[in-house]
Student: 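This is the structure I have questions about; it appears just below.
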Amino acid sequence: TALPISWNDPDMLIVGTQTFHGGSGINVSEARAHFSLWSVLKSPLLISADVTKMEPQFLEILKNEEVLAVNQDNLGMQAKKIRGPNADLSLLPCQSGNEFQLWTINSSGAILNRKANECLSISDCSTRAGATAIMFDCFPSGNACNYKNQLWDYDSSTRQLIADISSMCLNWDFEQVNCSSSRTMWIYKNNQLMAGSDSERCLTVPGAPSQGEIYAGPLEWGAYGAVLFNRQAASMNMTLNFTDLGLTGTTECGARDLWMHENLGVFAGSISLEVAPHDVRMITLMP
């Protein structure tokens, strides 16, 4: 996770490079998506193209002051991926019979996903708060912590998943946290693990049909910056639930589109936006 004076660097920007690379670079939509992701992830923004030769539409992307403000925000908190098929785990709408959402909690305490044939595991045998849960081979040889990172206790009274290695609970960000923390309720029903009591979103392993990727994180002035990213070749309607930001399901937020430079209105509980192919919608949300 990026913090002030400690920044992740996913490499240089390639916005505008197609101007002098034989037209083989990314188009405007892809450049906008690229710049938005680097900005919300608090990456250093290192331009690799000659700005004196850059086409105006690409130069305008690099000059967007509202997007740059998210990147340069003094809080310096890198956005997290809160939805996406390339994440180890995600919360997606529950679907009856969806193999990517079917789990078995066996008598030993392992939680096995039937489709992946892998077990829910705390990465690196970590006992610290904030360590993430991942999918990994069940009970591999040479496990450094005697498989304790793959053992869980499902408390049916509190409806919490308690990690054997730390006695902490799994939250909806797939991190182990103090069990008194919010967003740690999981309902185990019909072999699905549902987040909270609304039975709408289920713990899902990678490979499920794509519903786009969403990255979001807090900003210094009390708002949240978010990027809704569509990798697909067709337009997609994407929904950001405010509970994924740690807010309540009834919270109202004012939304602003940072590429359209306009306020979108006030939304309660969630916001749904149409996202063009290979493009993004980058917004701020102010509770």
Side-chain angles (χ1 to χ4, degrees), residues 2 8-51 53-71 78-93 100 204-217 224-241 244 255-262 264 267 270-285:
N8 290 317
D9 182 8
D11 215 334
M12 299 181 72
L13 295 164
I14 58 172
V15 175
T17 56
Q18 69 288 335
T19 305
F20 47 92
H21 274 291
S24 60
I26 56 178
N27 62 31
V28 173
S29 296
E30 293 162 343
R32 183 166 47 242
H34 174 32
F35 193 64
S36 299
L37 289 169
W38 261 234
S39 294
V40 80
L41 294 173
K42 304 300 187 288
S43 167
L45 301 177
L46 305 175
I47 301 171
S48 62
D50 185 344
V51 294
K53 299 178 181 178
M54 193 177 295
E55 295 175 11
Q57 63 267 38
F58 293 103
L59 190 58
E60 286 303 309
I61 289 173
L62 298 177
K63 292 167 60 178
N64 187 321
E65 293 184 1
E66 292 191 81
V67 174
L68 288 169
V70 171
N71 179 260
Q78 176 178 302
K80 292 183 178 181
K81 180 187 282 188
I82 59 176
R83 195 178 83 190
N86 294 326
D88 281 295
L89 296 162
S90 57
L91 290 176
L92 294 179
F100 297 95
T204 310
V205 297
S210 174
Q211 297 193 22
E213 299 179 14
I214 298 178
Y215 300 77
Y224 296 83
V227 171
L228 288 69
F229 178 31
N230 177 12
R231 288 178 175 265
Q232 307 304 308
S235 294
M236 178 185 299
N237 188 273
M238 298 180 63
T239 299
L240 169 57
N241 296 301
D244 287 329
R256 180 171 177 80
D257 190 303
L258 305 189
W259 289 108
M260 297 172 65
H261 301 294
E262 66 180 30
L264 303 178
F267 299 80
S270 66
I271 182 172
S272 296
L273 297 171
E274 191 74 14
V275 186
H278 294 191
D279 209 337
V280 294
R281 298 291 294 274
M282 187 170 183
I283 59 175
T284 53
L285 293 164

Student: Could you list the residues that satisfy side chain to side chain contact (heavy atoms under 4.5 Å, CB included) with S235, not counting sequence neighbours?
Tutor: E274, P277

Student: Between T284 and L258, is any pair of side-chain heavy atoms under 4.5 Å apart?
Tutor: yes

Student: When rounded to the nearest 0.5 angstrom, what distance separates CG in L273 from CD1 in I283?
Tutor: 5.5 Å

Student: Report the residue from E66, E65, R256 that forms a side chain to side chain donor-acceptor pair (under 3.5 Å) with H261.
Tutor: E66

Student: Is there a side-chain contact between I61 and V28 (heavy atoms, below 4.5 Å)?
Tutor: yes

Student: Can you list the residues that meet the side chain to side chain donor-acceptor pair (under 3.5 Å) rule with D244, with sequence neighbours excluded?
Tutor: R201

Student: Any salt bridge (Lys or Arg N to Asp or Glu O under 4.0 Å) involving residues 275-284? Give me the pairs, sequence neighbours left out, ordered by first then second residue.
Tutor: R32-D279, D257-R281

Student: What's the shortest heavy-atom distance between G225 and V40, and which atoms?
Tutor: O-CG2, 4.0 Å

Student: How would you list, by chain and number, every residue that makes a ring pair (Phe, Tyr, Trp, His ring centres under 6.0 Å) with H34, sequence neighbours excluded?
Tutor: W38

Student: Please find the pair of heavy atoms, one from I26 and one from A31, that lie closest to each other, and give the distance.
Tutor: CD1-CA, 3.5 Å

Student: Looking only at atom types and distance, does a side-chain atom of N230 sit under 3.5 Å from a main-chain N or O of A234, one as donor and one as acceptor?
Tutor: yes

Student: List the atom of S43, the atom of N71, and the distance in Å for their closest heavy-atom pair.
Tutor: O-ND2, 2.9 Å

Student: A216: what forms a side chain to side chain contact (heavy atoms under 4.5 Å, CB included) with it, not counting sequence neighbours?
Tutor: I82, A226, L245

Student: Would you find a donor on one side and an acceptor on the other, under 3.5 Å apart, between the side chain of S48 and the backbone of L13?
Tutor: yes

Student: Which heavy atom in M238 sits nearest to a heavy atom in I214, and how many Å separate them?
Tutor: CE-CG1, 3.7 Å

Student: According to side chain to side chain contact (heavy atoms under 4.5 Å, CB included), who are the partners of E262, at least two apart in sequence or on a separate chain?
Tutor: M260, L264

Student: Show, in sequence, the C-alpha distance, side-chain angles and deciding distance for L45 and I47, and conclude whether the side-chain contact (heavy atoms from CB on, under 4.5 Å) test is met.
Tutor: CA-CA 6 Å; L45 301 177; I47 301 171; over 6 Å; no

Student: Does the side chain of L240 come within less than 4.5 Å of L285's, by heavy atoms?
Tutor: yes

Student: Can you tell me how far OG1 of T204 sits from CG of L91, rounded to the nearest 0.5 angstrom?
Tutor: 7.0 Å

Student: Using ring pair (Phe, Tyr, Trp, His ring centres under 6.0 Å) as the criterion, list what pairs up with W259, not counting sequence neighbours.
Tutor: none

Student: Of L37, N64, V70, L228, which meets side-chain contact (heavy atoms from CB on, under 4.5 Å) against M282?
Tutor: V70

Student: Kindly write out the residues that satisfy side chain to side chain contact (heavy atoms under 4.5 Å, CB included) with A33, not counting sequence neighbours, or none if the list is empty.
Tutor: F229, V280

Student: Mind checking what makes side chain to side chain donor-acceptor pair (under 3.5 Å) contact with E60, not counting sequence neighbours?
Tutor: none

Student: What residues form a side chain to side chain donor-acceptor pair (under 3.5 Å) with Y215, not counting sequence neighbours?
Tutor: E213

Student: Supply the atom-to-atom distance Q78 CD to K42 NZ, rounded to the nearest 0.5 angstrom.
Tutor: 8.5 Å

Student: Would you compute the distance between atom CZ of F35 and atom CD1 of I14 and round it to the nearest 0.5 angstrom?
Tutor: 13.5 Å

Student: For S270, what residues pass the side chain to side chain donor-acceptor pair (under 3.5 Å) criterion, not counting sequence neighbours?
Tutor: none

